[in-house]
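Please read these numbers as outputs of a predicted model, since none were measured by experiment.
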Amino acid sequence: MSEKVLAMVLAGGKGTRLLSLTKKTAKPAVSFGAKYRIIDFPLSNCANSDINIVGVLTQYESIALDIYVGNGEKWGLNGVRSKMISLSPRQTEEGSKWYEGTADAISKNIEFIDSFNPDHVLILSGDHIYKTTYKDMIKLHEDSNADATISVIEVPMEEASRFGIMNTDKKDNIVEFQEKPKNPKSNLASMGVYIFKWKTLRRYLKDDAENEKSSHDFGKNIIPAMLEGGRKMKAYRFQGYWRDVGTIASLHEANMDIVNGDPAGLLNNDLSTRIYTEDTYSVPQYVGKEGSIKNSIANQGAVILGTVRDSVVSNDALILDNSVVTKCVVMTGARIGRGAKVHNCIIGPNVVIDDNEEVNLNSDEVKLIA
């Protein structure tokens, strides 16, 4: 069996900066946009790009994520010629170890990739919010005969030191890579989306695995080694919305972007780029006689008896009478008590806000209640 492009989604991150939201949940499985999980976005992007084989590399709190990913049915990746497979660290003749870095995670699954004999391997982060097809990026990669193509996005110069930065020539050939530089030379930030010629990447992974001094990371080791080896590497300039929702503030901000008109069109019904997710089979949402909702999103099963403004309300959340919820992300099963007032918060799954409780009023800083 031979595949033109095979995708590997790195979904083992712990997401410590999301605090208690990821205490028992892998970061890619965290709720987003009332209806979705973060991992729905890269997996939907694969499905919409006609990529038929997808490996999902799980590690931290993998059970719930494995159950959610399942056989790929939610994304149409369970057909006769398509499949999705969860790939957790496993015991082999060489022993049993956790994935020790992004490159190590791929190295430990070389035999899986080889079994499909792909021409190219697409490496994706499982914890970013963006909508695209990878078709144009794949075309650039093939047309330019590149060994590697890295998707980049322009970020404000003052934020560039937070990212891996690509420096390019006039033809967008990558000539230098800086990992979170103090003094960045450009604002082209890596999105953590890579396409490699598989035979080329395979050799570098094998060499890296034997290097005891390596961090076994794409940004720190593989990409610099390929540049040093004179490999042809292209930058693909992504045009669109992309967010790394790795902090409470960034997760809240991305949810608010959807509330405020969804300028990126993340949730539109264009079948060519639709984001697919799990149907919770909840009852329809209900807004009571005294309830009101404005400039907000509420998923099925939400019961709104109070006032909701500029917020995202997930399935089966309950907002009781005389309560006021503003600029909040209310996750699955949360309960806002009678007369409570909550502002600028992320309220975790099944959290209860007591009757008449006031939380974070008049504060510009996002607060997590979980």
Q.
Within the structure provided, determine whether K341 and L361 are in side-chain contact (heavy-atom separation under 4.5 Å).
A. yes

**Q.** F196 and Y204: CA distance, side-chain angles, deciding distance, ring pair (Phe, Tyr, Trp, His ring centres under 6.0 Å) verdict
**A.** CA-CA 11 Å; F196 294 94; Y204 278 88; 9.0 Å; no

Q: Report yes if some heavy atom in the side chain of W75 is under 4.5 Å from a heavy atom in the side chain of V54; otherwise report no.
A: no

Q: Show the numbers, then the answer: is there a side chain to side chain contact (heavy atoms under 4.5 Å, CB included) between S161 and K180?
A: CA-CA 5 Å; S161 60; K180 298 182 179 179; 5.9 Å; no

**Q.** Note, N344 side chain near T326 side chain (heavy atom, < 4.5 Å)
**A.** no

Q) For Y68, is the NZ or CZ atom of K74 found under 6.0 angstrom from the centre of its six-membered ring and inside 45 degrees of the ring axis? A) yes

Q: Search all heavy atoms of M331 against all heavy atoms of G348 and return the closest pair with its distance.
A: CB-C, 3.8 Å

**Q.** Aromatic ring pairing F218/Y194, orientation class (parallel under 30°, perpendicular over 60°, tilted between)
**A.** tilted

Q: Grab the two heavy atoms, one from I38 and one from P42, that are nearest each other, plus how far apart they are.
A: O-CD, 3.4 Å

(Q) Assess the residue pair K14 and K27 against the criterion (side chain to side chain contact (heavy atoms under 4.5 Å, CB included)); give the C-alpha distance rounded to whole Å, side-chain angles, the decisive distance to 0.1 Å, and a yes or no. (A) CA-CA 6 Å; K14 189 172 182 180; K27 180 181 173 184; over 6 Å; no

Q | Member of L43, I85, D66, L124 meeting the side-chain contact (heavy atoms from CB on, under 4.5 Å) criterion with V56 | A | L43

Q. With a 4.0 Å cut-off, would you call K4 and E142 a salt bridge?
A. yes

Q: Anything under 30° is parallel, anything over 60° is perpendicular, the rest tilted; go ahead and classify W242 against F163.
A: tilted

Q: Dump the intermediate steps for salt bridge (Lys or Arg N to Asp or Glu O under 4.0 Å) on K232 and D147, then the final yes or no.
A: CA-CA 5 Å; K232 185 173 184 178; D147 293 295; over 6 Å; no

Q | Sidechain-backbone polar pair: S323 side chain, A340 backbone, donor-acceptor under 3.5 Å | A | no

Q.
Taking F41's backbone N and O only, do any of them form a donor-acceptor pair with S44's side chain (distance below 3.5 Å, no angle check)?
A. no

Q: Using modelled atom types only, decide if a donor and an acceptor are shared between the side chain of K131 and the backbone of L266 within a distance under 3.5 Å.
A: yes

**Q.** Donor-acceptor side-chain pairing of T133 and N48 below 3.5 angstrom
**A.** no

Q) Quick one: are T149 and K234 in side-chain contact, heavy atoms under 4.5 Å? A) yes

Q: For C345 and V359, work out which heavy atoms get closest and say how close.
A: SG-CG1, 3.7 Å

Q | Where L368 and S20 come nearest, the two heavy atoms and their spacing | A | CD2-OG, 3.5 Å

**Q.** Donor-acceptor under 3.5 Å (S107 side chain, A209 main chain)
**A.** no

Q) Is a donor on one side and an acceptor on the other found under 3.5 Å between the side chain of S363 and the backbone of E365? A) yes

Q. Just by modelled atom types, is the N117 backbone N or O under 3.5 Å from a matching donor or acceptor in the W198 side chain?
A. no

Q: Please indicate whether N362 has more than 12 foreign heavy atoms, meaning atoms of other residues, nucleotides or ligands, lying under 6.0 Å from its CG.
A: no

Q) What pairs meet the salt bridge (charged side-chain N to carboxylate O under 4.0 Å, His left out) rule with one or both residues in residues 31-52, with sequence neighbours excluded? A) D50-K135

Q) What pairs meet the salt bridge (charged side-chain N to carboxylate O under 4.0 Å, His left out) rule with one or both residues in residues 149-168, with sequence neighbours excluded? A) E154-R237, E159-R162

Q | Verify same cluster id: L21, Y36 (apolar side-chain graph, 4.5 Å) | A | yes

Q. Quick one: does V330's side chain get under 4.5 Å of V325's, heavy atoms only?
A. yes

Q) Is the backbone N or O of A298 less than 3.5 Å from a side-chain atom of Q285, with the two atoms forming a donor-acceptor pair by type? A) yes

Q) Looking only at heavy atoms, which two atoms of T25 and E61 are closest? And how far apart? A) N-CG, 4.1 Å

Q | Reference residue I336; test side-chain contact (heavy atoms from CB on, under 4.5 Å); the match among L320, D354, V352, V342 | A | V342

Q) Can you get from I150 to I123 by hopping between Ile, Leu, Val, Met, Phe, Trp and Tyr side chains that sit under 4.5 Å apart? A) yes

**Q.** D217 and N221: side chain donor to acceptor below 3.5 Å
**A.** no

Q.
When you group the ILVMFWY residues by side-chain heavy-atom contacts below 4.5 Å and let the links chain together, are I293 and I319 in the same group?
A. yes

Q. Is a donor on one side and an acceptor on the other found under 3.5 Å between the side chain of S282 and the backbone of G301?
A. no

**Q.** Backbone N/O of T22 and side chain of Y60: donor-acceptor pair under 3.5 Å
**A.** yes

(Q) For residues Y241 and L251: do they belong to one hydrophobic cluster (side chain heavy atoms under 4.5 Å, members Ile, Leu, Val, Met, Phe, Trp, Tyr)? (A) yes

Q. Does the side chain to side chain contact (heavy atoms under 4.5 Å, CB included) test come out yes or no for Y99 and L87, once each step is laid out?
A. CA-CA 11 Å; Y99 294 145; L87 300 166; 4.1 Å; yes

Q. Any side-chain donor-acceptor pair under 3.5 Å between S214 and D208?
A. yes

Q: Given salt bridge (Lys or Arg N to Asp or Glu O under 4.0 Å), test D114 with R202 step by step and report yes or no.
A: CA-CA 9 Å; D114 281 345; R202 194 182 190 281; 2.8 Å; yes

(Q) Just to verify, what does S151 make a side-chain contact (heavy atoms from CB on, under 4.5 Å) with, not counting sequence neighbours? (A) M137, M191, V193, Y236, F238

Q) Among side-chain atoms of S88 and T58, is any donor-acceptor pair under 3.5 angstrom? A) yes

Q: State, yes or no, whether a side-chain contact exists between E358 and H343 at a heavy-atom distance under 4.5 Å.
A: no

Q) Are the side chains of T168 and L188 in touch, meaning some heavy atoms are under 4.5 Å apart? A) yes

Q. Quick one: does K97's side chain get under 4.5 Å of K108's, heavy atoms only?
A. yes

Q) Between E290 and L305, is there a donor-acceptor pair closer than 3.5 Å when you use the side chain of the first and the backbone of the second? A) no

